[in-house]
Amino acid sequence: MQERYDPAVVERAAQDYWNAHDAFAAREIPGREKYYCLSMFPYPSGRLHMGHVRNYTIGDVLARFMRAQGRNVLQPMGWDAFGLPAENAAIANGMPPAKWTRENIDYMRRQLKSLGLAIDWSRELATCDADYYQWNQWLFLRMLEMGIAYQKTGTVNWDPVDMTVLANEQVIEGRGWRTGALIEKREIPMYYLRITDYADELRAALDDLPGWPERVRAMQANWIGRSEGVELSFPHDADTAHVLGERGGALKVFTTRADTLFGVTFVAVAAEHPIALAAAKHDAKLAGFVEKCRRGSTMEADLAVQEKKGLPTGLHVKHPLTGERVPVWVANYVLMGYGEGAVMAVPAHDERDFAFALSHDLPIRTVIKSANGAYDTVQAPWLGAYAEPGVTVDSGEFSGLSSVQAVARIAAVLQSKGLGAKRVQYRLRDWGISRQRYWGCPIPIIHCVKCGAVPVPDEQLPVRLPEDLVPDGSGNPLAKLPAFYECNCPTCGGAARRETDTMDTFVDSSWYFLRFACRDQPDAMVDARADYWLPVDQYIGGIEHAILHLLYSRFWTRVMRDVGLVKLSEPFTHLLTQGMVLNHIYQRPILNGRREYVNPTQVTVQVDEQGKRVGATTADGRQVEYEGLGTMSKSRGNGVDPNSLVEKYGADTARLFMMFTSPPEQSLEWSDEGVQGSFRFLRRVWKAVHEHVAAGPVPTLEAMPLDDALKDLRRVAHHTLAKVTDDIGRRHVFNTAIAAVMELLNALGKHHDNSPAALAVHQEALEIAVQCLAPIVPHITHELWRELGHTGALIDEPWRKADESALQQSLLEVVVQVNGKLRGRVSVPAGADEEVLRTAALAEENVQRFIAGAAIRKVVVVRGKLVNIVV
RNA sequence: GCCCUGGUGGCGGAACUGGUAGACGCUACGGACUUAAAAUCCGUUGGCUUUGCGGCCGUGCCGGUUCGAUUCCGGCCCAGGGCACCA
């Protein structure tokens, strides 16, 4: 055995072995319990970053552990290969996105392989491959048939930098989620998916996902945004009906506070509302206001704090219960996209209506008082609206009811009059999937002058994306390529134009986990193998996907279920959201007021006697400022390259450091000293095995008489095994599992004994240590397992069970407290009863000092743990 | 404003069901080995106090329950994240 631990040699040998034996190929084995372990697939940006390394290491540890537990494990890998960065790169270096993407994939695949992940590479897929995305198109056509997909001209979010449409979910505080550019509104025809049809199911099913983190479920529930309320109608006045050119219509509103119906003093509609548009035809001032609101360079974030603006339409509707004439106003605080795009305004009991009424001099009418009757908006207008539930007043026959009762009674009466009904409203909106972009999955539609939008027939799928285009940054290159868009109408055969929009890339990632089960199936989207492997037992990825990707995947899976392709509804049973990888940020001023970032490796930190950070300098002695912790990024100069880490220390050290430094869900702070510490530990493990092997042949442990020290050592070993099994398998905390193995090695290191019995115990302890570490550092343990004399490979070794008899202790140390404070310890036989414990505790020397002269009121005995004497 | 996390030494973190607060690692300091350095090994490392045994304080703050609270309950403070004119 080599005396020195050389990770490069060890890791190559282990990986060669796994490759030669095709060790990670997954096969469907009916009746054997499967474990589908999936880490979110990467975007092929060019290089792996530390976030990837962490993500894939967590998945790999679980996959390897479950395999040792006897589960039939599938761990696949693929590429989320469509998307804007490829186009941006194409513009920058004149290279087709396809070429750029595929080269990146080749490079990153090599990087992933260097980490020694237990992946079945035969199932690899890239979403830009036609044999993958053709099924996006195929299912889209089924959705069209089912009415789940539809076309609509709507106001969309236009990103002026990427020149593309974004979904609401991709707009963050009025800016593009990728570019950060201010979003404009534009009218564009596009395709939508009716995710709102599934809103109720998607929300309700969150309760049946105990394997998901609470906060992710909360975020999704929030996003779906269920509100129970009443939809009610304000019948149009004669003048209103005239302007709208109709008879007997009504203005619909949605409210969660039907109990305040008698407090309505006006109705407010959104600028895009039909009533507003109709009224604007005859009112230039109103038309200008409507146009300004619709243009809306106005960001949604600003809207919330913006002044409540509006104009009267001059039109009126009738109150559904009193018949009173109610004016209709256009207001900038009403959203067309939610509810009916109109609200019944109750200034006394809604803060927004209140502010609007104040600035436009509209009446305020109190109809709810607090339960003790103390609060009245009209009498105390400086206090603002009273928006809490309470007791109804001045509400005709409904006066004197609690808010809850009033809502029920009013809804019932409205329903009997055909003017309202209880309804549930969701915040969630339909998913717009059209993108005016080249590098994505083509939407399979043909536009014919005579026949309209015609679906591409199934037998003409896939609609292939030409791969040799180089976008120039202006619009969509597909729209400039006659060879792509010129076609014939499938219905009438006439000249027609192919849709040049492509699908949102979130479509691609909404079902890749299903395709991994049957990646080679040429004739169907999925086959029976999906029933075997799905659902994913453990999904691992970043919290940034808590809403979009995970919600879309849950929706898409349900659509596939309703098409009859799969049986499941929920794709991911357990979800682990790993924390971010952070590093220190240092910077200093350079010429003309600018600042430069300095990589933490270039910085020496000064500390005071307490060890607190007081300053930092670079090698040339110049000061740098500490800016705190942040995610690793090129622009902040605090990145660490996985390649150089693997080259310097090996993949095992990288994996060990990531797993040891923080629990997986928490953020991880990079530390070069920590990396060195991990490497140091692996070297100690190597050395321990080396010294043990050098000590000569090992006798068998059975029938070997053991002294107390050896019994203790065995107990530590088996205790470690039990703890590691629980930590990895049940709790998914790897840092404490590693700490336990470190303790075992510390115990072994302190035990100097070369007797045959000691050799036998050491052999067992080292085997346990190696096996416990195997999921985390698979290469070094692969080698050490052989050095410990095994002919079979560690990857095929089943997880062992802790020996109960080895865990037994003859003497236990029991803690003695007086009034809850630790005062001493006593040793007692393992099975000692309460009386023995009590006697021993009272006799303890230091305890005696604290109970002398005091009356003992009570003695609490916890067997095997502690005695508390209350005086 | 609503929802969700979290707050423990110089640092990352541990204490899982209420039962020894600070496991394990890092840093720092002291020592051994070495011509020297690196590497390695040994020791110390929450604060105050004591020659020593030991004692007092200490898990964001205030209070409660309990023989006993980092853990449970109530009220606050702070930090991070999500949503936000959603009627």
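Since the model is a prediction, treat every value here as computed from it, not as a measurement.
Comparing Val334(A) and Ile543(A), the nucleotide of RNA chain B nearest to each residue sits closer to the 5' end for Ile543(A). Comparing Ile869(A) and Gln817(A) along RNA chain B, the residue whose closest nucleotide (by nearest heavy atom) sits nearer the 5' end is Gln817(A).
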Note to self: Would Thr577(A) and Glu665(A) count as a side-chain hydrogen bond (donor to acceptor under 3.5 Å, both in side chains) here? Give the steps.
What the structure shows: CA-CA 6 Å; Thr577(A) 50; Glu665(A) 311 234 54; 3.2 Å; yes

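Side-chain nitrogen and oxygen atoms of Gln666(A) include at least one within less than 4.0 Å of the OP1 or OP2 phosphate oxygen of G13(B). A close approach under 4.0 Å does not occur between any side-chain nitrogen or oxygen of Arg217(A) and OP1 or OP2 of C3(B). At least one side-chain nitrogen or oxygen of Asn746(A) sits closer than 4.0 Å to the OP1 or OP2 atom of G25(B). For A84(B), neither phosphate oxygen OP1 nor OP2 lies less than 4.0 angstrom from any side-chain nitrogen or oxygen of Arg352(A). Residue Arg825(A) has no polar side-chain atom (N or O) positioned under 4.0 Å from OP1 or OP2 of G19(B). Between Arg680(A) and C26(B) there is a side-chain N or O to OP1 or OP2 distance below 4.0 Å. Listed pair Ser227(A) / A87(B) meets the phosphate criterion, a side-chain N or O lying under 4.0 Å from OP1 or OP2. For C2(B), neither phosphate oxygen OP1 nor OP2 lies less than 4.0 angstrom from any side-chain nitrogen or oxygen of Asn222(A).
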Protein-nucleotides 55-58 of chain B N/O pairs closer than 3.5 Å?
from   : atom 1 : to        : atom 2 : distance (Å)
G55(B) : OP1    : Arg823(A) : NH1    : 3.1
G55(B) : OP1    : Asn846(A) : ND2    : 3.2
C56(B) : OP1    : Arg823(A) : NH2    : 3.1
C56(B) : OP2    : Arg823(A) : NH1    : 2.9
C57(B) : OP2    : Lys821(A) : NZ     : 2.8

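Across G12(B), C16(B), A14(B), the shortest atom-to-atom separation from the side chain of Pro663(A) is found for A14(B). Considering only the side chain of Glu743(A), C24(B) comes nearest among C86(B), G82(B), C24(B). With C67(B), C86(B), G12(B) as the candidates, the nucleotide lying closest to the side chain of Tyr338(A) is C86(B). Counting only heavy atoms from C-beta on, Glu673(A) has its side chain closest to U27(B) among U27(B), G25(B), C16(B). When each of U20(B), C16(B), G25(B) is scored by its nearest atom to the side-chain atoms of Arg684(A), the top-ranked nucleotide is G25(B). In this structure, the nucleotide among G19(B), U5(B), A87(B) sitting nearest to the side chain of Lys865(A) is G19(B). Residue Arg427(A) has its side chain nearest to C83(B) when only G13(B), G19(B), C83(B) are considered. Looking at the side chain of Lys687(A), the nearest of the listed nucleotides C67(B), U40(B), G12(B) is U40(B). Each of C4(B), C67(B), G25(B) was ranked by its minimum atom distance to the side chain of Lys858(A); first place goes to C67(B). Residue Leu335(A) places its side chain closer to A87(B) than to any other of A87(B), C4(B), C67(B).
Side chain of His360(A) to main chain of Leu362(A): no donor-acceptor pair is present (N/O by atom type, distance under 3.5 Å, no hydrogens or angles).
The base of C3(B) does not come close enough to the side chain of Arg215(A) for any donor and acceptor atom to sit less than 3.5 Å apart. Taking only distance into account, the side chain of Arg683(A) never meets the base of U40(B) through a donor-acceptor pair shorter than 3.5 Å.
As rounded to whole Å, 18 Å separates atom P of G19(B) from atom CD of Glu813(A). Spacing between atom CZ of Arg4(A) and atom C1' of A39(B) amounts to 11 Å, rounded to whole angstrom units. With rounding to whole Å, Glu3(A) atom CD is found 13 Å from A39(B) atom C1'. Distance CG (Leu773(A)) to P (C24(B)): 16 Å, rounded to an integer number of Å. A straight line from CE of Met658(A) to P of G12(B) spans 17 Å, rounded to a whole angstrom. Between the CG atom of Leu866(A) and the P atom of A15(B) there is a distance of 20 Å, given to the nearest Å. Put simply, CD on Glu844(A) is 12 Å from C1' on C53(B), counting in whole angstrom units. Atom CG in Leu251(A) sits roughly 13 Å away from atom C1' in A87(B) (whole-Å rounding).
Annotation: A14(B) and A87(B) have their C1' atoms spaced 49 Å apart (nearest Å). Comparing A28(B) with A79(B), their C1' atoms are spaced 28 Å from each other, to the whole Å. The gap from the C1' atom of U50(B) to that of A38(B) amounts to 41 Å, rounded to the nearest Å. Between G58(B) and G63(B), the distance separating the two P atoms is 12 Å to the nearest Å.
Remark: Arg823(A) qualifies as a cation-pi partner of Phe850(A) under the 6.0 Å distance and 45° angle criteria applied to the six-membered ring. In this structure, Arg427(A) forms a cation-pi arrangement with Trp223(A), its terminal cationic atom sitting closer than 6.0 Å to the ring centre and no more than 45° off the ring axis.
A syn orientation is assigned to G9(B), its glycosidic angle lying within 90° of 0.
Considering all non-hydrogen atoms of both residues, Asn638(A) and Gly630(A) come closest at ND2-O, 3.5 Å. Considering every non-hydrogen atom in both Val675(A) and Phe657(A), the closest pair reads N-CD1, 3.6 Å. Across all their heavy atoms, Trp212(A) and Gln220(A) have their closest contact at CZ3-NE2, 4.0 Å.
Residue Val815(A) is classed as a base contact, given a heavy-atom separation below 4.0 Å to a base. As judged by a 4.0 angstrom heavy-atom cut-off over every strand, Lys723(A) is placed among the base-contacting residues. Residue Pro213(A) is out of contact with every strand shown, counting any heavy-atom pair closer than 4.0 Å. Using a 4.0 Å heavy-atom distance criterion, Arg863(A) is classed as making no nucleic acid contact. No contact: Ser671(A) has no heavy atom under 4.0 Å from any strand. Nucleic acid contact class of Val216(A) (heavy atoms, under 4.0 Å, all strands): none.
Under a 4.0 Å N-O distance rule, the pair Arg715(A)/Asp712(A) qualifies as a salt bridge. Of the charged side-chain nitrogens involved, at least one lies within less than 4.0 Å of a carboxylate oxygen, so that Glu340(A) and Arg423(A) count as a salt-bridged pair. Ionic pairing of Asp200(A) and Arg226(A) is present here: one or more N-O contacts between side-chain nitrogen and carboxylate oxygen are shorter than 4.0 angstrom.
For His549(A), the NE2 atom sits in a packed shell: over 12 heavy atoms of surrounding residues, nucleotides or ligands are nearer than 6.0 Å. Annotation for Met580(A): atom CE does not count as buried by contact number, only 12 or fewer foreign heavy atoms lying within 6.0 Å. By the 6.0 Å contact criterion, CD on Gln2(A) is open, its count of non-hydrogen atoms from other residues, nucleotides or ligands being 12 or less. Surrounding CD of Glu351(A) are at most 12 heavy atoms belonging to other residues, nucleotides or ligands under 6.0 Å away.
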Checklist line | Paired and unpaired positions of RNA chain B as dot-bracket, Watson-Crick or G-U wobble under 3.5 Å, | denoting a partner strand | finding: (((((((..(((......[....))).(((((.......))))).((((....))))..(((((..]....))))))))))))....

